[in-house]
Amino acid sequence: MASLCLQEVVISGSPEDETMHLWELHTATTLVSYRPASPSCFAAAVPVGRDLFAVSQPGKPALHVFNWRRDMPQARMSLPERLVALAASPDGAHVLG
């Protein structure tokens, strides 16, 4: 997947499934499936800069950081407690949970 152009996409997931999917908006084709990743709270996936996004893990005090072009986490972080909400600064430099 050398040239993934992110112009108009939708990311979806379900707490029952441990996979999130990146869909091309106009053709409804799946571009990438991220695993293990599933939303666990309000705003569960937030962009971190241009190339990354962070996902809180359901039922676990953990945060995974994915590259838009890779299906496995680039970083896995253990947290002191489960997240209730997740937000990022507009430039993606700071993530708050």
Side-chain angles (χ1 to χ4, degrees):
M1 190 177 325
S3 63
L4 179 62
C5 183
L6 300 177
Q7 292 185 3
E8 291 186 305
V9 295
V10 174
I11 192 163
S12 66
S14 167
E16 289 80 33
D17 186 8
E18 287 191 4
T19 307
M20 291 183 77
H21 304 282
L22 184 69
W23 304 85
E24 203 284 322
L25 184 62
H26 298 291
T27 63
T29 53
T30 303
L31 300 174
V32 183
S33 294
Y34 305 100
R35 187 170 177 88
S38 61
S40 66
C41 61
F42 180 72
V46 296
V48 180
R50 279 184 60 85
D51 299 324
L52 306 173
F53 69 97
V55 179
S56 62
Q57 296 303 295
K60 301 174 189 170
L63 185 72
H64 291 178
V65 178
F66 288 86
N67 185 307
W68 289 109
R69 293 167 181 81
R70 307 240 173 174
D71 61 348
M72 297 299 291
Q74 182 168 322
R76 298 172 192 228
M77 292 171 246
S78 295
L79 305 172
E81 60 188 46
R82 286 187 245 165
L83 294 177
V84 178
L86 187 62
S89 62
D91 63 356
H94 304 283
V95 176
L96 178 66

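- Contacts of P73 classified as side-chain contact (heavy atoms from CB on, under 4.5 Å), with partners at least two apart in sequence or in another chain: P36, H64, F66, R76.
- L25 pairs by the side-chain contact (heavy atoms from CB on, under 4.5 Å) definition with E8, V10, not counting sequence neighbours.
- The minimum heavy-atom distance between P80 and P61, with the atom names listed, is C-CB, 4.4 Å.
- Both V48 and M77 belong to a common hydrophobic cluster when Ile, Leu, Val, Met, Phe, Trp and Tyr are linked at side-chain heavy-atom distances under 4.5 angstrom.
- The salt bridge (Lys or Arg N to Asp or Glu O under 4.0 Å) check on D71 picks up nothing, with sequence neighbours excluded.
- By the side-chain hydrogen bond (donor to acceptor under 3.5 Å, both in side chains) test, T30 is found to be paired with no residue, residues two or more places apart in sequence or in another chain being considered.
- Atoms CG and CG, on L86 and L96 in that order, are 8.0 Å from each other to the nearest 0.5 Å.
- With values rounded to the nearest 0.5 angstrom, Y34 atom OH is found 7.5 Å from N67 atom CG.
- Nearest heavy-atom pair across P47 and A88 is O-CB, 3.4 Å.
- Here CG of L79 is found 12.5 Å from NZ of K60. Values are rounded to the nearest 0.5 Å.
- Applying the side-chain hydrogen bond (donor to acceptor under 3.5 Å, both in side chains) test to T29 and every residue at least two apart in sequence or in another chain returns T27.
- Between the CD atom in Q74 and the CG atom in D51 there is a gap of 8.5 Å [rounded to 0.5 Å].
- In terms of the side-chain hydrogen bond (donor to acceptor under 3.5 Å, both in side chains) criterion, H94 has no residue partners (sequence neighbours excluded).
- Using a 4.5 Å heavy-atom cutoff, the side chains of F53 and V65 are not in contact.
- Residue pairs satisfying the side chain to side chain donor-acceptor pair (under 3.5 Å) criterion with at least one member in residues 81-90, sequence neighbours excluded, are listed as follows: S89-D91.
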